[in-house]
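Keep in mind that this is a model prediction, so the values were computed, not measured. As the structure lists them, so they are numbered: ligands from 1, and atoms in each ligand from 1. Basis for what follows: all heavy atoms, side chains included, without hydrogens, waters or symmetry-related copies.
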Amino acid sequence: MSDLSNLAPANIRAIAPYQGGKPISELAREMGLNEADIVKLASNENPLGMSPKAQMALEEALAEISRYPDGNSFTLRDAVSKKYAVQAAQIVFGNGSNDILELAARAFLTAGDEVIYSQHAFAVYPLVTQAAGATGVVVPAIEFGHDLPGFLQAITPKTKLIFVANPNNPTGTLIAKPVLSHFLQQVPRHIVVVLDEAYDEYLSEADKSEAISWLAEFENLIISRTFSKAYGLAGLRVGFGLMHAALADLMNRVRQPFNVNSLAQVAATVSLQDEDFVARSYAANQAGMAQITQGLTRLGLSFISSFGNFVSFKVTNAGAVNQALLKQGVIVRPVANYEMPDYLRVSIGLFSENARFLEVLEKILGS
Ligand SMILES: *Cc1c(COP(=O)(O)O)cnc(C)c1O
């Protein structure tokens with residue numbers, strides 16, 4: 001029998017599939033547990049759910065589901081344009097912001113190009129790089145954070161794209177604004193910089209990104225944002241990129257015409273305007289982060305200070321601890337595939353979920 005894997009080119013065969021958080025239903029099947037007894041703190045989802053206004057709008061929008069979505073996301077585009085004071089032509093919508101990362105790779109990369117990103121950076125960067133037949137250049141992290149001077153040194157004539165995650169997942173590290181802006185000044189303008197800001201809504205007012213105001217200065221900058229995290233719409237899949245209109249035009253050429261479904265467009269539009277929900281999500285995350293980091297400290301565990309809605313902590317034998325947590329119905333995320341074999345990442349949940357995680361963890365470590 002022929003080896004069917006040979007049908008795909010080497011770059012595709014070499015891709016390590018993305019490992020997501022284990023779904024609640026899957027763990028329930030595997031362990032014979034009740035779904036209601038399982039706590040999932042593995043995918044940085046919003047424990048408050050979604051905006052109640054978005055939920056109402058979704059119920060209404062269901063009546064139109066037999067229609068194709070608006071391929072230009074007109075209403076959502078208008079809302080994003082007003083909220084962020086960018087032109088409509090500067091926005092590209094994606095089926096999640098993962099789609100934006102992939103569209104950037106498809107639009108700007110070809111075989112032989114080099115793409116720079118950090119060690120411990122979001123797993124989708126190497127994935128879309130390899131799928132495009134380009135070569136990933138990994139810059140070693142410094143104390144888990146991006147080494148931007150190291151990025152500059154890694155630039156070669158083949159460099160076409162740079163991915164920067166700010167804050168980064170799974171480390172939660174944040175690059176200070178002056179450091180980031182200095183970096184952008186130094187990057188040659190023929191190299192596209194994708195700045196992934198999936199967690200911006202979880203930053204304090206002082207830390208929040210100013211990168212949108214930099215777009216005019218840096219024509220090679222793409223900022224990606226998502227509705228999956230603080231807006232609580234992970235299951236609907238919608239995100240967007242902000243950039244120079246000329247780059248948006250190129251990205252739209254490789255975009256599927258109906259990549260953002262109609263429910264996602266409706267929910268995202270309403271969510272964008274529900275500032276109260278985002279404020280509550282931010283406050284709940286602050287409180288939950290304090291609860292979890294204090295709990296970890298009490299257990300004598302070290303962790304990486306995080307600016308996101310998750311925190312990675314260090315344990316002896318992370319694989320075994322993860323298995324023991326799963327047995328007790330607590331799902332966190334192993335991050336060995338991020339070259340962090342001694343860490344587990346826990347997403348910030350509701351007070352009761354965080355408490356359950358800490359209680360089960362304490363029991364496991366004490367036994
Ligand atoms: C969660 C996450 C995203 C968002 O993914 P979506 O496709 O929008 O759900 C993007 N970048 C990083 C770093 C993330 O952690």
Note the single closest protein heavy atom to [atom], along with its residue, its atom name and the distance in Å.
{"atom": "atom 15 (O) of ligand 1", "value": "Tyr199 OH, 2.6 Å"}
{"atom": "atom 11 (N) of ligand 1", "value": "Asp196 OD2, 2.6 Å"}
{"atom": "atom 9 (O) of ligand 1", "value": "Ser228 OG, 2.6 Å"}

Could you check Glu201 against Lys208 for salt bridge (Lys or Arg N to Asp or Glu O under 4.0 Å), going step by step and ending with a plain yes or no?
CA-CA 8 Å; Glu201 292 81 8; Lys208 265 197 207 325; over 6 Å; no
Report yes if Tyr125 has an N/O atom closer than 3.5 Å to an N/O atom of ligand 1; otherwise report no.
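N/O-N/O distance under 3.5 Å: no.
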Considering [options], which one's heavy-atom position lies nearest to [atom]?
{"atom": "atom 1 (C) of ligand 1", "options": "Glu45, Glu197, Lys229", "result": "Lys229"}
{"atom": "atom 4 (C) of ligand 1", "options": "Ser97, Pro170, Ala234, Gly308", "result": "Ser97"}
{"atom": "atom 8 (O) of ligand 1", "options": "Asn98, Asn166, Asn168, Thr226", "result": "Thr226"}

Worked check of side chain to side chain donor-acceptor pair (under 3.5 Å) between Ser347 and Asn44:
CA-CA 5 Å; Ser347 304; Asn44 303 344; 2.7 Å; yes
One thing to verify: whether Glu102 and Arg106 come together as a salt bridge, which I'm taking to mean a side-chain N less than 4.0 angstrom from a carboxylate O.
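A salt bridge is present here (some side-chain N lies under 4.0 Å from a carboxylate O).
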Salt bridge between Glu30 and Lys22, side-chain N to carboxylate O under 4.0 Å?
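Looking at Glu30 and Lys22, the cut-off is met.
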So if I count the atoms of ligand 1 from 1 in the order they appear, which ones are less than 4.0 Å from some heavy atom of [X]?
{"X": "Arg237", "result": "6 (P), 7 (O), 9 (O)"}
{"X": "Asn169", "result": "13 (C), 14 (C), 15 (O)"}
{"X": "Ala198", "result": "2 (C), 3 (C), 10 (C), 11 (N), 12 (C), 14 (C)"}
{"X": "Gly96", "result": "7 (O), 8 (O)"}

Here's one to test your reading of the geometry: is the NZ or CZ of Arg225 within 45 degrees of the ring axis of Phe240 and under 6.0 Å from its centre?
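Output no; distance or angle outside limits.
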If we only consider heavy atoms of Phe227, is any one of them less than 4.0 Å away from an atom in ligand 1?
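So Phe227 does not count as touching ligand 1.
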Can Asn44 be said to touch ligand 1, with heavy atoms closer than 4.0 Å?
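So Asn44 does not count as touching ligand 1.
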Does Phe258 have more than 12 heavy atoms from other residues, nucleotides or ligands lying within 6.0 Å of its CZ?
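Counting neighbours around CZ of Phe258, more than 12 heavy atoms of other residues, nucleotides or ligands fall under 6.0 Å, so yes.
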Any side-chain heavy atom of Leu152 within less than 4.5 Å of one from Val187?
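Contact flag for Leu152/Val187 side chains = yes.
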Measure the shortest side-chain to side-chain distance between Met340 and Pro170 over non-hydrogen atoms and say whether it is less than 4.5 angstrom.
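Side chain of Met340 against side chain of Pro170, heavy atoms only: contact under 4.5 Å found.
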Atom pair OH/CZ of Tyr338 and Phe144 - distance to nearest 0.5 Å
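The OH atom of Tyr338 sits 14.0 Å away from the CZ atom of Phe144.
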